[in-house]
2 protein chains.
Amino acid sequence: MTACLCCVRVVKLFGQIEERALGRGMAYLYVQVADDLRRRIQSGEFPAGSQIPTREQINKQYKVSAAVAIKALSVLVTEGLVESRPGAGAYVLPPRERLQLSRERHREVRGGSPFAGDMETQGKTPRWRAHSRSDAATAEVARRLGIAEGDPVMRTVYVYTADDEPVQRAVSWEPYELTRGTPIAFPEDGPHGGRGVRDRMAVIGVTVTHRREALSSRGATVEEARDLGIATGAVVTVLRRTYFTDDRPVETADIVAAGDRTEFVYVLPIS
Amino acid sequence: MTACLCCVRVVKLFGQIEERALGRGMAYLYVQVADDLRRRIQSGEFPAGSQIPTREQINKQYKVSAAVAIKALSVLVTEGLVESRPGAGAYVLPPRERLQLSRERHREVRGGSPFAGDMETQGKTPRWRAHSRSDAATAEVARRLGIAEGDPVMRTVYVYTADDEPVQRAVSWEPYELTRGTPIAFPEDGPHGGRGVRDRMAVIGVTVTHRREALSSRGATVEEARDLGIATGAVVTVLRRTYFTDDRPVETADIVAAGDRTEFVYVLPIS
DNA sequence: TCGAATTTGTGCGTATGTATC
DNA sequence: GGATACATACGCACAAATTCG
């Protein structure tokens with residue numbers, strides 16, 4: 001195994017010859033630079049709110065190219081440790097006060113909006129907009145709703161804001177066969193528009209008994225990034241929710257929120 | 001507002017002049033390429049498991065530079081849509097079967113390990129290792145445990161595996177004042193080692209009544225990436241859990257799992 | 001108030017190392 | 001072993017946003 005370019009540079013940088021230059025777990029240059037910047041931040045050299053070295057300063061201080069400085073900075077941004085603004089620089093973020101989105105049972109208050117309740121508790125003004133259209137179920141949506149791929153569904157996209165800052169984005173699907181011709185066919189229109197799934201389903205005699213929520217995370221898609229006001233590829237938490245009656249699913253949704261600005265909260269009793 | 005470089009190229013590419021070249025929401029070149037590749041994947045042109053165009057093919061097909069092809073591909077990788085392997089190419093990932101980590105109430109079965117139950121349900125062999133040491137509470141841990149910063153705590157790091165693949169990593173803190181001198185001082189040692197928090201606390205007459213779990217997400221730290229076998233900066237889901245008696249917190253933990261390989265699942269009744 | 005300097009985000013071209021086929 | 005393909009690295013340029021004199 002011969003030394004690659006990055007390893008040769010490491011040798012030049014640190015004056016070490018064998019151990020690091022030939023190690024299999026050799027860290028890349030941009031990782032080394034990111035690690036050192038992270039260490040300097042955590043050591044207190046750059047407190048919260050302060051500016052960290054610019055691209056050019058990194059080039060000089062670490063004797064690396066522009067590409068390495070850019071990638072090292074992007075690592076710290078992805079970790080949520082710093083925030084960079086064009087023309088201004090990169091700044092250390094304070095330990096984030098995350099907006100709390102509670103998922104407790106008492107959210108299911110008759111007639112109230114869970115999101116509005118959460119935001120008002122935290123002193124924020126809630127608002128949302130929604131847009132519905134009918135669509136054909138994808139394989140994934142069909143599986144979750146227990147219907148056939150291609151079956152008609154009502155698809156609604158919601159964007160929720162707090163103090164006019166985007167907080168969460170949701171895409172909801174309901175089997176059109178269930179609600180067609182009823183007053184709740186359009187989730188956001190009609191006399192029952194804007195109410196929760198439980199209340200709307202009750203209108204047509206469907207009793208929702210439980211819900212399943214599965215949480216994972218990934219990089220944001222372009223649409224999500226735009227709606228949430230975050231960078232493309234920034235980390236988002238994904239909550240896949242399905243409402244059930246005793247014997248069938250009646251609604252499913254993908255709820256997406258910025259990973260570092262929000263948290264989904266569950267409080268559960270222990271028997 | 002004058003057209004930037006990328007916009008000029010867009011004009012060349014699509015033969016359109018005014019609308020797109022001057023629009024404020026103008027998409028960057030790499031975003032356009034990523035969008036088109038995503039569209040082609042979702043249209044069925046590249047089914048799951050198939051190879052998508054190589055970087056060189058992207059250069060030619062879209063008439064863009066290497067840097068744009070690289071960044072467009074990295075967007076799709078971050079989104080979890082494709083996986084790229086050096087020397088092999090980039091391949092469409094099948095809809096991910098995520099390992100399910102259930103957070104339901106019935107997990108709290110006396111004497112059993114919740115993780116083991118989850119994994120056995122999914123046909124995997126569970127295993128874990130743990131390491132405890134006493135430590136001083138950080139500001140964050142002190143806040144969560146309702147103690148003073150610097151107070152002694154027992155800190156335990158767990159790494160859980162399924163079929164010897166790392167699945168989740170947890171760092172747990174207990175107030176040392178609560179367990180000092182009792183048989184449960186070391187979570188993984190003694191007659192009650194390895195049992196759940198509820199059962200261990202019962203041994204010393206402490207009744208756990210509820211727990212709070214807050215989920216967010218971010219890029220993995222270096223330690224987490226090493227323990228979970230993922231790339232540095234890969235996305236992880238973070239679950240902050242605290243166990244309470246009626247009047248005080250008795251344990252808190254940060255549970256971290258790969259964002260795209262696992263999901264935390266809640267099933268909740270609706271009153 | 002306006003222009004110059006700074007800084008980030010993006011783009012182009014090229015080269016090397018390493019993994020895979 | 002050779003060809004292919006990805007990951008990283010270097011150097012350079014321009015546009016847009018911000019900052020500051």
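Note that these values count all heavy atoms, side chains included, but never hydrogens, waters or copies made by symmetry. Just so it is clear: chains get the letters A, B, ... in the order the sequence lines come, proteins before strands, and each one is counted from 1. Since the model is a prediction, treat every value here as computed from it, not as a measurement.
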Check: When you measure from the side chain of A:Val68, which nucleotide among D:dC10, C:dT8, C:dT7 comes out closest?
Finding: D:dC10
Margin query: Within the 4.0 Å heavy-atom criterion, would you say A:Leu73 contacts the bases, only the backbone, or no part of the nucleic acid?
Written below: nothing
Item checked: Phosphate contact (C:dG11 OP1 or OP2) by B:Tyr30 side-chain N/O below 4.0 Å -> no
Next item on the list: Name the closest nucleotide to the B:Pro86 side chain, picking from D:dT8, C:dT7, C:dA19.
Entry: C:dA19
Notebook entry, point to check: Separation of B:Arg55 atom CZ from C:dA19 atom P, in whole Å?
Noted result: 16 Å
Next item on the list: Please confirm whether the backbone N or O of B:Arg241 pairs with a side-chain atom of B:Thr252, one donor and one acceptor, at under 3.5 Å?
Entry: yes
Item checked: Partners meeting side-chain hydrogen bond (donor to acceptor under 3.5 Å, both in side chains) with B:Arg127 (sequence neighbours left out) -> B:Asp164
Next item on the list: Select from A:Ala66 and B:Ser84 the residue whose nearest nucleotide in DNA chain D is closer to the 5' end of that strand.
Entry: B:Ser84
Note to self: I'd like to know if B:Arg85 reaches the base of D:dA7 with its side chain, counting only an N/O donor and acceptor under 3.5 Å.
What the structure shows: no
Next item on the list: Examine C:dT6: is either OP1 or OP2 under 4.0 Å from a nitrogen or oxygen in the side chain of A:Thr54? Give yes or no.
Entry: no
Note to self: Heavy atoms from C-beta onward define the side chain here; which of D:dT8, D:dA5, C:dG11 lies closest to that of B:Leu29?
What the structure shows: C:dG11
Item checked: Among C:dT8, D:dC10, C:dG11, the one nearest B:Ser65 by side-chain distance -> C:dG11
Notebook entry, point to check: Taking C-beta and beyond as the side chain, do B:Val82 and B:Arg38 meet within less than 4.5 Å on heavy atoms?
Noted result: no
Note to self: What's A:Ala88 touching, base or sugar-phosphate or nothing? Going by heavy atoms closer than 4.0 Å.
What the structure shows: sugar-phosphate
Check: So, the side chain of B:Asp163 versus the backbone of B:Thr125: is there a donor-acceptor pair under 3.5 Å, distance only?
Finding: yes
Margin query: Could you tell me how far apart A:Lys63 (NZ) and D:dG11 (C1') are, to the nearest whole angstrom?
Written below: 17 Å
Check: Is the distance from OP1 or OP2 of C:dG11 to the nearest side-chain N or O of B:Lys71 less than 4.0 Å?
Finding: no
